[in-house]
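Numbers restart at 1 for each chain; the letters A, B, ... are given by sequence-line order, proteins then strands.
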Number of protein chains: 2
Amino acid sequence: MNRDLGYTENQLKLARFSKALGHPVRVFIIELLLKQACCYSGDLTEILPIAKSTLSQHLKELKDAGLIQGEIESPKIKYCINRDNWNLARKLFNNLYK
Amino acid sequence: MNRDLGYTENQLKLARFSKALGHPVRVFIIELLLKQACCYSGDLTEILPIAKSTLSQHLKELKDAGLIQGEIESPKIKYCINRDNWNLARKLFNNLYK
DNA sequence: ATTTTTGTTCGTGTTTTTACGAATAATAAT
DNA sequence: ATTATTATTCGTAAAAACACGAACAAAAAT
């Protein structure tokens with residue numbers, strides 16, 4: 001049974017984006033990427049107090065939500081903000097109180 | 001073991017607020033409260049396709065996160081946005097990309 | 001004093017999230 | 001061809017989120 005029918009597309013999207021931001025690690029990552037354009041996941045492993053497999057999961061979460069994207073630079077992967085979706089998230093959030 | 005040490009207060013707060021907004025029902029509620037000042041939980045029961053006990057949980061979630069507050073008007077409860085925290089959430093989110 | 005109205009809490013079950021280490025995959029470097 | 005580097009996937013476990021109906025609590029109305 002799909003309870004999501006009945007919510008607008010925008011409500012669903014905003015909930016999705018918000019959920020992706022709903023963990024300190026992921027806030028940290030987004031914050032970093034907004035400040036410094038890009039980073040490698042290895043960089044994050046050194047900073048963050050979590051296992052690399054856990055980090056990978058968080059990155060996947062952000063990627064699946066559309067907030068970031070990864071570009072392969074073998075053997076590394078360069079992560080950046082997905083600007084289109086980030087702007088959409090901003091818009092959806094800021095439109096709430098207008 | 002507390003992994004939250006190591007994150008800033010603002011990162012933790014933003015994650016908390018985001019998490020609270022991370023469900024369509026809760027986005028819906030916040031949206032409504034921003035539009036029309038206040039509402040009774042009974043009003044929501046009629047609009048939303050969920051059990052009242054489930055709604056109660058979502059309201060509690062929003063309340064615990066500090067995004068809304070309830071005022072007793074027996075036997076009803078009038079819910080409103082918690083403006084201070086909402087403004088803080090706005091600020092924290094919008095400061096991300098500055 | 002009952003009954004009605006309104007919401008929360010309880011008990012339960014299912015699903016999702018979070019986390020880890022070990023195993024794996026893919027490419028680069030030797 | 002091996003080895004090293006980098007990151008994901010797998011297997012597992014514990015905790016939290018989500019949802020429901022039934023039971024309960026509190027105050028208002030009768």
Side-chain angles (χ1 to χ4, degrees), chain A residues 1-7 11-12 14-30 32-33 38-65 67-80, chain B residues 1-7 11-12 14-30 32-33 38-65 67-80:
Chain A
M1 182 186 183
N2 188 353
R3 295 170 193 290
D4 288 348
L5 305 175
Y7 300 105
Q11 285 165 345
L12 294 173
L14 181 54
R16 188 81 174 80
F17 289 141
S18 298
K19 195 174 173 186
L21 263 186
H23 191 290
V25 166
R26 299 195 291 264
V27 168
F28 180 95
I29 293 168
I30 291 292
L32 192 78
L33 290 180
C38 291
C39 78
Y40 299 100
S41 106
D43 305 340
L44 296 168
T45 310
E46 285 171 21
I47 304 172
L48 293 167
I50 57 175
K52 59 180 180 169
S53 56
T54 305
L55 173 60
S56 203
Q57 273 183 147
H58 284 300
L59 288 169
K60 179 173 163 48
E61 181 76 25
L62 287 170
K63 205 165 46 180
D64 289 351
L67 291 181
I68 67 172
Q69 55 201 319
E71 188 188 335
I72 296 175
E73 284 189 12
S74 283
K76 298 185 176 183
I77 295 181
K78 190 173 70 177
Y79 282 102
C80 315
Chain B
M1 181 186 181
N2 188 353
R3 296 170 192 291
D4 288 348
L5 304 175
Y7 300 106
Q11 286 165 344
L12 294 173
L14 181 54
R16 188 82 173 79
F17 289 142
S18 298
K19 195 174 172 187
L21 264 187
H23 191 290
V25 166
R26 298 193 293 262
V27 168
F28 180 95
I29 293 169
I30 291 293
L32 192 78
L33 290 181
C38 292
C39 76
Y40 299 99
S41 107
D43 304 340
L44 295 168
T45 310
E46 284 171 22
I47 304 172
L48 294 167
I50 57 176
K52 61 179 181 172
S53 54
T54 305
L55 173 61
S56 200
Q57 274 184 147
H58 285 300
L59 289 170
K60 178 174 161 52
E61 180 77 25
L62 288 170
K63 204 166 47 180
D64 289 351
L67 291 182
I68 67 172
Q69 57 200 322
E71 189 188 335
I72 296 175
E73 285 191 8
S74 282
K76 298 185 179 186
I77 295 182
K78 190 172 69 177
Y79 284 103
C80 314

Worksheet item: Rounded to the Å, how far apart are A:Glu73 CD and C:dA29 C1'?
Response: 17 Å
Practice prompt. Give me the bend of the helix from C:dA1-D:dT30 to C:dT30-D:dA1, using the axes of the five pairs at each end, rounded to 10°.
Written response: 10°
Worksheet item: Hey, does the side chain of B:His58 come within less than 4.0 Å of D:dA19's phosphate (OP1/OP2), counting only N and O?
Response: yes
Worksheet item: Who are the salt bridge (charged side-chain N to carboxylate O under 4.0 Å, His left out) partners of B:Asp43, not counting sequence neighbours?
Response: none
Worksheet item: What pairs with B:Glu73 under side chain to side chain donor-acceptor pair (under 3.5 Å), at least two apart in sequence or on another chain?
Response: B:Tyr40, B:Lys78
Fill in: Atom pair CD1 (B:Ile68) and CD (B:Glu61), whose distance is rounded to the nearest 0.5 Å
10.0 Å
Worksheet, complete the sentence: Residues at least two apart in sequence or cross-chain that pass side-chain contact (heavy atoms from CB on, under 4.5 Å) with A:Leu32, listed by chain then number, are A:Gln36, A:Cys39, A:Leu44
Practice prompt. Answer with base, sugar-phosphate or nothing: what part of the nucleic acid does B:Lys19 contact at a heavy-atom distance below 4.0 Å?
Written response: sugar-phosphate
Fill in: side chain to side chain contact (heavy atoms under 4.5 Å, CB included) assessment of B:Leu67 paired with B:Leu33
CA-CA 10 Å; B:Leu67 291 182; B:Leu33 290 181; over 6 Å; no
Fill in: Whole-Å gap separating P (C:dT27) and NZ (A:Lys78)
18 Å
Give every pair of a protein N or O atom and an N or O atom of nucleotides 8-15 of chain D that lie under 3.5 Å apart, one pair per line with the distance.
from, atom 1, to, atom 2, distance (Å)
D:dT8, OP1, A:Tyr79, OH, 2.4
D:dT8, OP2, A:Ser56, OG, 2.7
D:dT8, O5', A:Ser56, OG, 3.1

Response to the item:
Rounded to whole Å, CD of A:Gln69 lies from P of D:dA7 at a distance of 17 Å
Discussion item. Among residues at least two apart in sequence or on other chains, which ones pass side chain to side chain donor-acceptor pair (under 3.5 Å) with A:Lys76?
Written reply: none
Worksheet item: Whole-Å distance between D:dA7 P and A:Ile68 CD1?
Response: 13 Å
Practice prompt. For B:Ser53, enumerate each residue passing the side-chain contact (heavy atoms from CB on, under 4.5 Å) test, keeping only those at least two apart in sequence or located in another chain.
Written response: B:Ala51
Worksheet entry | Minimal non-hydrogen separation, B:Ser41 against B:Tyr79, with atom names | CB-CE1, 3.9 Å
Fill in: Distance, rounded to the nearest Å, where A:Leu62 contributes CG and D:dA7 contributes P
16 Å
Each nucleotide N or O in nucleotides 26-30 of chain D that has a protein N or O under 3.5 Å away: list the pair and distance.
none

Item to complete: Starting from P on D:dT6, measure out to CD on A:Glu46 and report it in whole angstrom.
Response: 9 Å
Could you go through residues 16-26 of chain B and list every donor-acceptor pair under 3.5 Å that involves a side-chain atom there, pairing it with any protein atom two or more places apart or in another chain?
from, atom 1, to, atom 2, distance (Å)
B:Ser18, OG, B:Leu14, O, 2.8
B:His23, ND1, B:Val25, N, 3.1
B:Arg26, NE, B:Ala20, O, 2.7
B:Arg26, NH1, B:His58, ND1, 2.9
B:Arg26, NH2, B:Lys19, O, 3.4

Fill in: Spacing of CD1 belonging to B:Ile29 relative to CG belonging to B:Leu48, to within rounding of 0.5 Å
6.0 Å
Item to complete: Quick one: list whatever passes salt bridge (charged side-chain N to carboxylate O under 4.0 Å, His left out) with B:Lys63, sequence neighbours left out.
Response: none
Discussion item. Do A:Phe28 and A:Ile47 have side chains that approach each other closer than 4.5 Å (heavy atoms only, starting at C-beta)?
Written reply: yes
Practice prompt. Figure out the CD/P separation between A:Glu71 and D:dA7, and round it to whole Å.
Written response: 14 Å
Worksheet item: Between atom CD in A:Glu61 and atom P in D:dA16, what is the gap in whole Å?
Response: 17 Å
Discussion item. Please compare B:Asp43 and A:Ile72 by the position of their nearest nucleotide in DNA chain C and report the one closer to 5'.
Written reply: B:Asp43
Fill in: Under 4.0 angstrom between A:His23 side-chain N/O and C:dA19 OP1 or OP2
yes
